[in-house]
There are 2 protein chains.
Amino acid sequence: MSTLEPVTSIPQATVARLPLYLRALHQVAEAGNPTVSSAGLAAAAGVNPAKVRKDLSYLGSYGMRGIGYDVATLTQQISASLGLERGWGVALVGVGRLGQALTNYAGFANRGFAIKAVFDSATDQVGTKVGPLTVQHVNELPQVVAAQKIAIGIIATPAEAAQDVCDQLIAAGVTSILNFAPCVLFVPKGVDLRKVDLAIELQILSYHEHHKTLPDRGTRLAPRRRRGSSVPSRRTRAISGALPTRTTRTKAVDE
Amino acid sequence: MSTLEPVTSIPQATVARLPLYLRALHQVAEAGNPTVSSAGLAAAAGVNPAKVRKDLSYLGSYGMRGIGYDVATLTQQISASLGLERGWGVALVGVGRLGQALTNYAGFANRGFAIKAVFDSATDQVGTKVGPLTVQHVNELPQVVAAQKIAIGIIATPAEAAQDVCDQLIAAGVTSILNFAPCVLFVPKGVDLRKVDLAIELQILSYHEHHKTLPDRGTRLAPRRRRGSSVPSRRTRAISGALPTRTTRTKAVDE
DNA sequence: GACTGTGAAATCGTTCACAGCC
DNA sequence: GGCTGTGAACGATTTCACAGTC
């Protein structure tokens, strides 16, 4: 494993961007470049170069002044930091349409996540196949999670069932959960929870769209002043402000 | 320094939480309560009460001291702020498994989003049905978007196709885009872009999971110190913290 | 007494700007 | 000259704490 890493705790915001850099690095690697500058990575990841440098410096990074970063080294450093090289087993509960789509999502597998088992509580679902996996009843969770050493669970059930399923996952030994059900879940300390709410994203878009066509009244968009620095492009950022991102995607053109 | 800006706008972080409150309010309403306190809402939304109050104060909201917020009024205030009551038409491109799941996702419809048309470029998909909708060829985008006054697009294609589709959506007149493809997209000014990357969320969990099993070292995550008020507890919220955020892009570079 | 609204403080995150290395 | 690493400035967000209202 990675030996002497300066584990001075990486800021959350940076952690959330590491997967982005990883994706960008794959792109760069495919283009055949052995090294990449912070500006190059920034362009590929859609962030600003200073941020890239600061983020990478938290990893105790290996950039070379005058040159940039070695693509292979950096890729492996970030992977190590994220804990991706050890390959995680994942259990998914709820094989509705979303659950099925997630089970077959290629982006998981090629980042080191293997969906090892899928569950549902509907007896008419149990026994059917989703991809190569046979749907099992949620009651089987404890055995399967233990047997396969699964640490991560994905909840893709309706909101009503989610807390129950969540509790069962935790009881079975899962310690990280990704929730797609549109509800708040409570978990004990030591369990990590993240959520993706599809409708929330649309509502945020709605806000901006609404205020785009409403130039005045009530809450208005403040005109933004962009500083000089970069941005020679013809396409530029949307809306305004800075750019971090909390919930999002991965993967690039690799494979 | 900035000039004199009419900063009456709601902070991004707050906008991102409004949908959460909306969801919480529906829960509260269902429980039959006519009013709710900031603490009650906070518990239902999984955030802290002070944040709720601050957020709601940006709406110029009408809470009642000693009482709390009127559920119906607040619901309608937030909906109005988000622009939800006007009902948005949405076009979705890419009817793979994810696209199909999204098309049928109930959470959209009951927040005022109607998927009006679905598109794909695969000719063997065109003409098939997804729910009540017939898949159309992407070439039809301009006509359909114009005819149905669609302002929001969802991209659920593979990464390779996403920028192209994005450009076509914009050319057709769409001004807000939600991207599920695992890649960075560039959009012109005035177009709002948000993204959801399923695998990125898993990688963030991986980071925490990884560092959970490697505790040691003095420099650990500071155990968060809660002062007073908080959620019921025993179960506390996990990592969580903030939510999704902005989306942006700069620079156009490689293709 | 219960609860909101909000300045002010604390914290977190981003960007600048420049010294130092290749 | 090109580029990283990072202190320091800045900006945004969260939280505190309390005055004010019902």
Side-chain angles (χ1 to χ4, degrees), chain A residues 6 8-17 33 35-43 45-70 73-74 77 222 224-231 237 240-246, chain B residues 1-2 5 7 9-18 33 35-43 45-70 73-74 77 221-222 224-230 237 239-246 248 250:
Chain A
T8 322
S9 206
I10 303 176
Q12 288 302 312
T14 295
V15 172
R17 277 187 301 264
N33 309 20
T35 66
V36 66
S37 67
S38 61
L41 244 195
V47 303
N48 119 349
K51 208 184 285 190
V52 170
R53 291 201 299 279
K54 177 116 314 171
D55 282 345
L56 296 184
S57 79
Y58 289 119
L59 306 186
S61 176
Y62 274 46
M64 293 161 293
R65 289 165 201 245
I67 310 285
Y69 300 86
D70 180 73
T73 310
L74 188 55
Q77 288 245 327
R224 277 330 181 98
R225 29 153 77 275
R226 275 240 88 18
R227 209 77 70 95
S229 53
S230 54
V231 193
R237 289 190 349 71
S240 66
L243 28 101
T245 291
R246 202 23 194 296
Chain B
M1 312 290 193
S2 313
E5 294 167 37
V7 190
S9 79
I10 302 178
Q12 289 302 314
T14 296
V15 172
R17 277 188 299 265
L18 291 181
N33 309 21
T35 67
V36 65
S37 67
S38 60
L41 242 195
V47 303
N48 119 350
K51 209 184 284 190
V52 169
R53 291 201 300 278
K54 188 43 70 108
D55 283 344
L56 295 183
S57 78
Y58 288 119
L59 305 186
S61 175
Y62 264 44
M64 294 161 290
R65 290 166 200 245
I67 311 285
Y69 301 87
D70 180 72
T73 310
L74 188 55
Q77 288 242 332
L221 254 280
R224 48 190 46 218
R225 52 195 60 233
R226 283 246 78 30
R227 195 71 91 67
S229 54
S230 193
R237 282 201 89 253
I239 298 191
S240 66
L243 283 214
T245 1
R246 282 271 27 119
T248 56
T250 310

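Proteins come first, then strands; the chains are lettered A, B, ... in the order of their sequence lines, and each starts at number 1. Computed over heavy atoms, backbone and side chain alike; hydrogens, waters and symmetry mates excluded.
- Counting non-hydrogen atoms under 4.0 angstrom, G63(A) reaches the backbone sugars and phosphates but no base.
- For Y62(B), the side-chain contact (heavy atoms from CB on, under 4.5 Å) criterion is met by no residue, not counting sequence neighbours.
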Original post:
For DNA chain D, what is the dot-bracket line, given that a base pair needs Watson-Crick (N1 to N3, plus N6-O4 or O6-N4) or G-U wobble (N1-O2 and O6-N3) geometry with both distances under 3.5 Å, and | means paired with another strand?
Top reply: ||||||||||||||||||||||

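- Side chain of S37(A), nearest nucleotide from dT13(D), dT4(C), dT4(D): dT4(D).
- When rounded to the nearest whole Å, the span between CD1 of I10(B) and P of dA12(D) equals 16 Å.
- Residues satisfying the side-chain contact (heavy atoms from CB on, under 4.5 Å) test with S38(A), not counting sequence neighbours, are P49(A), V52(A), R53(A), Y69(A).
- For Y58(A), no side-chain nitrogen or oxygen approaches OP1 or OP2 of dT14(C) to under 4.0 Å.
- Ranking dT14(D), dG13(C), dT15(C) by closeness to the P11(A) side chain, first place goes to dG13(C).
- Among the protein residues, S61(B) comes within range of the sugar-phosphate backbone only, with heavy atoms under 4.0 Å from sugar or phosphate atoms but none that close to a base.
- For D70(A) and dT4(D), the CG to P distance is 13 Å, given to the nearest whole Å.
- Look at NZ on K51(A): it is 13 Å from C1' on dC12(C), rounded to the nearest Å.
- Between the P atom of dT4(D) and the CE atom of M64(A) lies a distance of 9 Å, rounded to the nearest Å.
- Where G66(A) and L56(A) each meet DNA chain D at their nearest nucleotide, the meeting point lying more 5' is that of G66(A).
- One can place OH of Y62(A) at 18 Å from C1' of dC3(D), the figure rounded to the nearest angstrom.
- Taking 4.0 angstrom as the limit, S38(B) places none of its side-chain polar atoms (N or O) nearer than this to OP1 or OP2 of dC3(C).
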Nucleotide N/O to protein N/O under 3.5 Å, stretch nucleotides 6-8 of chain C:
from: dA8(C); atom 1: N6; to: K54(B); atom 2: NZ; distance (Å): 3.3

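- As rounded to whole Å, 10 Å separates atom P of dT4(C) from atom CD1 of I67(B).
- With sequence neighbours left out, the side-chain contact (heavy atoms from CB on, under 4.5 Å) criterion links T73(B) to D70(B), Q77(B).
- With rounding to whole Å, L74(A) atom CG is found 12 Å from dT4(D) atom C1'.
- The nearest whole Å value for the distance from the CD atom in Q12(B) to the P atom in dG13(C) is 17 Å.
- Under the rule for a side-chain hydrogen bond (donor to acceptor under 3.5 Å, both in side chains), the partners of T14(B) that lie at least two apart in sequence or sit in another chain are D55(B).
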